[in-house]
Amino acid sequence: MQKLAIQGGTPLHGEVFISGAKNAALPIMCASLLSAEPLQLNNIPDLHDVSTMRKLLQQMGVAIDLQGELMTLHGAGVNKLEAPYDMVKTMRASVLVLGPLVARFGEARVSLPGGCAIGSRPVDLHIKGLQAMGAQISIEHGYIHAQAKRLKGARIFFDIVSVTGTENLMMAATLAEGVTVLENAAREPEVVDLANCLISMGANISGAGTDMISITGVEKLHGAEHRILPDRIESGTFLVAAAATGGSITLRNTSADILDTVIEKLGEAGAKLRVEADTIHLEMHKRPQAVNLRTAPYPAFPTDMQAQFMALNAIAEGSAMMVETIFENRFMHVQELRRLGAQIDVEGNTAVVRGMPRLEGAAVMATDLRASASLVIAGLVAQGETVIDRIYHLDRGYAHIEAKLSQLGASIRRLK
Ligand code: EPZ
């Protein structure tokens, strides 16, 4: 198991280049299954989850060429309609091949993802939506087996807002017969980025970014070029790290208009922020003020930023109430932050954080992707050395994080 060793206490200063969004790259890579023509993607982030998705699609027969941030995917040779358990169990987003496979080939066998650290995370809404579009679905030996001569447009209501549920069914609907309307759809920027890519492939989609998306099926989709949008969660993570360490940071290749609530909360905490086109600048000259927050679907405060703000609140002035409404177990970072001296009480889906003047370095363990980011931020502010174990979680969603943090002046190194 690789570890990260961090000497805390150094304010972060400098500029960092933000990578493409993991949660846009993953569904958009699956869109290559919808066409026999090449899909050329730019700004692809160098992440473990992206290479997992690449292997999954390649074993299905998608030809994939990667040169730096430029990935070309060619779905002409798809000859295997299955996503095996040993790949799906390491990355839930593998379920995103289901909709495209049924839509283009009329069949798919995709392993059920199983739970994960932050919650049970079922895919019942993905399945219900495909059934509404006429797919015959059986669950056997832990696999979803879906078949359909040709999917038919349907009106689908999500009783819970689901990001990948919306993405899976939007992709399926692009080749279905007739019109599909997704109601109570997810409005995340990554959903909009996928829609924009599908439209450039010839899909007929309107309403992406609102809670009602309408898709009129077409006979086939053609190739396209698309640039993945910037990662708003990586951006938010670096902004919180700079705020927590009392530094000043400039993010490049990002965009501020998909981070409104995060920027607003950082302002509430006392940070000074300036945004231009693809740049965000943050300065923090004093100890942060504690900020209350409640996670909810976009455009409300993102659940993927909750753990990072808990690290900020752990050293803030005052107490904060943090409510997690999306996942039932997304407080795994709490007991690790307590090892660093954080004062946090958890009651159900609410955590009350009493800000401490300082944290003390300790050995801690990463449990999931964003919890790991929270521990890195806490390690950057704690006195002394913090060693974080199981950092493979971090590598799933952050490209070269220790290199980017070192450039900002952090004392951080990877222990083999
Ligand atoms: C996406 O996960 C993201 N992953 C997650 O990011 C993110 O935390 C989450 O959306 C919420 O914003 C990707 O986009 C690859 P959901 P997803 O379906 O789509 C319940 C990260 O850190 N639900 O929006 O799997 C579910 O249990 C990751 O990058 C059902 O009940 O999340 C959860 O409570 C972590 N049935 C809620 O809905 C379903 O069929 C929202 O889940 C689907 C979801």
Side-chain angles (χ1 to χ4, degrees), residues 19-31 45 47-50 52-53 56 88 90-99 110 112-132 137 139 144 156-172 182 184-194 211 228-229 231-237 258 261-262 295-308 324-333 349 366-374 393-399:
S19 305
K22 168 176 85 78
N23 291 349
L26 295 177
I28 289 173
M29 286 169 71
C30 295
L47 299 172
H48 194 264
D49 272 11
V50 168
T52 301
M53 185 62 84
L56 174 63
V88 174
T90 66
M91 186 181 64
R92 297 179 37 74
S94 310
V95 74
L96 285 164
V97 303
L98 180 63
V110 175
L112 279 167
C116 86
I118 61 178
S120 61
R121 301 180 74 183
V123 288
D124 55 309
L125 299 176
H126 302 235
I127 292 169
K128 215 172 86 178
L130 285 173
Q131 285 172 326
I137 296 194
I139 309 282
I144 303 164
I156 297 166
F157 180 81
F158 285 89
D159 46 21
I160 303 179
V161 174
S162 167
V163 174
T164 49
T166 301
E167 292 166 344
N168 229 338
L169 296 175
M170 180 163 70
M171 286 193 279
L182 304 180
N184 199 24
R187 299 165 53 185
E188 271 70 4
E190 293 75 29
V191 173
V192 177
D193 205 40
L194 170 64
D211 62 1
I228 303 292
L229 97 164
D231 194 315
R232 62 193 165 99
I233 306 302
E234 185 194 18
S235 302
T237 303
I258 54 179
T261 50
V262 170
T295 68
Y298 194 90
F301 188 90
T303 174
D304 291 349
M305 284 300 303
Q306 177 258 110
Q308 297 91 317
E324 172 58 59
T325 72
I326 303 289
F327 291 110
E328 66 268 26
N329 186 30
R330 203 170 196 175
F331 284 145
M332 307 280 279
H333 40 288
N349 68 348
T367 51
D368 59 87
L369 170 55
R370 306 304 172 184
S372 329
S374 171
H393 289 291
L394 204 57
D395 296 332
R396 294 188 53 177
Y398 291 95

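Residue numbers count from 1 along this sequence. Atoms within each ligand, like the ligands themselves, are counted from 1 in listed order.
Between Arg92 and Asp49 there is no salt bridge, since no side-chain N of the basic residue sits under 4.0 Å from a carboxylate O of the acidic one. Between Asp159 and Lys128 there is a salt bridge, since at least one side-chain N of the basic residue sits less than 4.0 Å from a carboxylate O of the acidic one.
What sits closest to atom 20 (C) of ligand 1 on the protein, heavy atoms only, is Ile160 CG2, 4.2 Å. Among protein heavy atoms, atom 3 (C) of ligand 1 sits closest to Asn23 ND2, 3.6 Å. For atom 34 (O) of ligand 1, the nearest protein heavy atom (residue, atom name, distance) is Ile326 O, 2.6 Å. Considering only non-hydrogen protein atoms, atom 2 (O) of ligand 1 sits nearest to Arg121 NH2, 3.3 Å. What sits closest to atom 19 (O) of ligand 1 on the protein, heavy atoms only, is Thr164 OG1, 2.6 Å. Ranking protein heavy atoms by distance to atom 18 (O) of ligand 1, first place goes to Ser162 OG, 2.7 Å. At the top of the distance list for atom 36 (N) of ligand 1, counting protein heavy atoms only, stands Asp124 OD1, 2.7 Å. Protein heavy atom closest to atom 23 (N) of ligand 1, with residue, atom name and distance, is Pro122 O, 4.1 Å.
Ligand 1 has a nitrogen or oxygen under 3.5 angstrom from a nitrogen or oxygen of Leu125.
Atom NE2 of His126 is separated from atom CD1 of Ile144 by 8.5 Å, given to the nearest 0.5 angstrom. Between Tyr398 atom OH and Lys22 atom NZ the span is 9.0 Å, to the nearest 0.5 Å. Here the straight-line distance linking atom CD of Glu324 with atom OG1 of Thr295 works out to 3.5 Å at 0.5 Å rounding.
Heavy-atom contacts of Thr303 reach the following atoms of ligand 1: 8 (O), 11 (C), 12 (O) (cutoff under 4.0 Å). Near Arg92, with a cut-off below 4.0 Å to any heavy atom, the atoms of ligand 1 are 25 (O). For ligand 1, the atoms sitting less than 4.0 Å from at least one non-hydrogen atom of His126 are 40 (O), numbered in the order shown with element in parentheses. Those atoms of ligand 1 that come under 4.0 Å of a heavy atom in Val123, given as number and element, are 39 (C), 40 (O).
The two residues Pro189 and Leu229 have their closest heavy-atom pair at CB-CD1, 3.8 Å. Closest of all the heavy-atom pairs between Ser19 and Pro45 is CB-CB, 4.1 Å.
For Leu96, the heavy-atom gap to ligand 1 stays at 4.0 angstrom or more.
Contacts between Glu190 and ligand 1, counted as non-hydrogen atom pairs separated by less than 4.0 Å, are absent for every part of the residue. With a heavy-atom cut-off of 4.0 Å, Lys22 touches ligand 1 through its side chain alone. Heavy atoms of Asp304 found under 4.0 angstrom from ligand 1 belong exclusively to the side chain. Under 4.0 angstrom from ligand 1, the non-hydrogen atoms of Val163 come from both its backbone and its side chain.
In this structure the side chain of Val262 reaches within 4.5 angstrom of the side chain of Pro302, judged on heavy atoms. Asn23 is not listed as a side-chain neighbour of Glu188, based on a closest heavy-atom distance of 4.5 Å or more. At least one side-chain heavy atom of Met171 sits under 4.5 Å from a side-chain heavy atom of Cys30. In this structure, Leu130 and Leu98 have side chains that are in contact, with non-hydrogen atoms separated by less than 4.5 Å.
If you check each of Arg330, Arg370, Met53 against atom 35 (C) of ligand 1, the one with the closest non-hydrogen atom is Arg330.
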TODO: Give the intermediate values and the outcome of salt bridge (charged side-chain N to carboxylate O under 4.0 Å, His left out) for residues Glu190 and Arg232.
DONE: CA-CA 9 Å; Glu190 293 75 29; Arg232 62 193 165 99; 2.8 Å; yes
